[in-house]
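Below, read A as the first sequence line, B as the second, and so on, with proteins coming before strands; counting in each chain starts at 1.
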Amino acid sequence: MGVAVPPEYTPVMEALRQMHGVTMLERRSSPYDVLIATILSQRTRDETTERVFRDVKARWPDVTSLAAADEDEVDAVIHSIGFHRQKARAIIATAKQLEEQHDGQVPSSMDELLELPMVGRKTANCVLVYGFAEPAIPVDTHVHRISNRLGWVETRTPEDTERALVKVLPREHWLEINQLMVSHGKTVCQPQRPRCGRCRVAPHCARAGVAD
DNA sequence: AAAACGGGGGC
DNA sequence: GCCCCAGTTTT
């Protein structure tokens, strides 16, 4: 009986690496910084988020100061990003929750992270992999879309994609896959018109040259 | 399963 | 001006 030949994950990741030149260590930071920065980054562009995160850290450098921050003041500092009111409320509540329930530390388990406001699986997995260097795959819309286009998974939601990917993708690629596919998704494998003619992954892709 | 949240960047 | 976003929560 024919056992299906698994996709060639390593050549794909190598092609992505060549196209996008990710410098992994730049994203490594303390679990707390990853947590706050990732909440702020939801549905907003990186460049904007980076500036806003620096401003937040300058004004409220640690958990204790952020826990005591005034919501209107935080809202004013992060006003240039989307969902600023919810995010201001969320990061203050997160800081308070860390102090009251976790001795001021960021928890390192998925279940505990999911208890924090505005922390879903994608954000929690960012904290685990970038903050704690634990094996986890943050799946956003880019990872979801590209994994399906490649034929690695056949899933309807990012959550389903995450659960499928952790079963098939070798662990050596988990740390890189999010940033590589996000970069790829913004510049080459875009939602509407993927530029397959310029894509070095196309030879390995189930839908190269085919629209969704 | 779908709506709501939102300012900023690209065209 | 209009369309599109590195999600999560609520209905």
>> Can you measure A:K186 atom NZ to C:dC5 atom P for me and round it to whole angstrom units?
In response: 12 Å
>> With a cut-off of less than 4.0 Å, is there a side-chain N or O of A:T44 near OP1 or OP2 of B:dG7?
In response: no
>> Closest approach to the side chain of A:Q192, judged atom by atom: which nucleotide of C:dG7, C:dC5, B:dA1 is it?
In response: C:dC5
> What is the distance, rounded to the nearest whole Å, between atom CZ of A:R51 and atom C1' of B:dG7?
Replying inline: 11 Å
>> B:dG7, OP1 or OP2 - any side-chain N/O from A:R43 closer than 4.0 Å?
In response: no
>> Under a 3.5 Å threshold, yes or no: a donor from one side chain and an acceptor from the other, between A:T44 and A:T49?
In response: yes
> Whole Å only: how far is the NZ atom of A:K87 from the P atom of B:dG6?
Replying inline: 9 Å
>> Quick check on the 6.0 Å ring-centre criterion: do A:H142 and A:H184 meet it?
In response: no
> Counting side-chain heavy atoms from CB outward, which of C:dT8, B:dG6, C:dC4 is closest to A:K122?
Replying inline: C:dT8
>> Taking 4.0 Å as the cut-off, does a side-chain nitrogen or oxygen of A:T141 come that near to OP1 or OP2 on C:dG7?
In response: yes
> Please give, in whole Å, the distance from B:dG6 C1' to A:L40 CG?
Replying inline: 14 Å
> What is the nucleic acid contact for A:V119, judged by heavy atoms within less than 4.0 Å: base, sugar-phosphate only, or nothing?
Replying inline: sugar-phosphate
> How far apart are the closest heavy atoms of A:L128 and A:A136, and which atoms are they?
Replying inline: CB-CB, 4.0 Å
> Reckon A:Q86 has a side-chain N or O less than 4.0 Å from the OP1 or OP2 of B:dG6?
Replying inline: yes
> Can you check side chain to side chain donor-acceptor pair (under 3.5 Å) on A:E154 and A:N148, steps first, answer last?
Replying inline: CA-CA 6 Å; A:E154 290 181 20; A:N148 274 281; over 6 Å; no
>> Please find the pair of heavy atoms, one from A:V201 and one from A:A15, that lie closest to each other, and give the distance.
In response: CG2-CB, 3.9 Å
>> Between P on C:dC5 and CD1 on A:I81, what's the gap in Å once rounded to a whole number?
In response: 19 Å
>> Output the rounded distance in Å from CZ (A:R193) to P (C:dC3).
In response: 20 Å
> Taking the nucleotide of DNA chain B with the closest heavy atom to each, which residue, A:G82 or A:E47, is nearer the 5' end?
Replying inline: A:G82
> Distance between the P atoms of B:dG9 and C:dT8, in whole angstroms?
Replying inline: 23 Å
> Given that A:R45 and A:L116 both sit by DNA chain C, which one's nearest nucleotide is further toward the 5' end?
Replying inline: A:R45
>> Taking B:dG6 as the reference, what is the distance to C:dG1 when you measure between their P atoms (whole Å, please)?
In response: 24 Å
>> Whole angstroms only, please: what is the CZ-P distance between A:F83 and B:dG6?
In response: 7 Å
> Base, sugar-phosphate alone, or nothing: which one does A:R89 contact when heavy atoms must sit under 4.0 Å apart?
Replying inline: nothing
>> Side chain of A:S80, heavy atoms from C-beta onward: which of C:dC5, B:dG6, B:dG8 has the nearest atom to it?
In response: B:dG8
> Side-chain N or O of A:H84 less than 4.0 angstrom from OP1 or OP2 on B:dG7?
Replying inline: yes
> Going from CZ on A:R156 to NE2 on A:H144, what distance comes out if it is rounded to the nearest 0.5 angstrom?
Replying inline: 8.5 Å
> What's the CZ-C1' distance between A:R85 and C:dT9, to the nearest Å?
Replying inline: 18 Å
> When you match A:D140 and A:L114 each to their closest nucleotide on DNA chain C, which lands nearer the 5' end?
Replying inline: A:D140
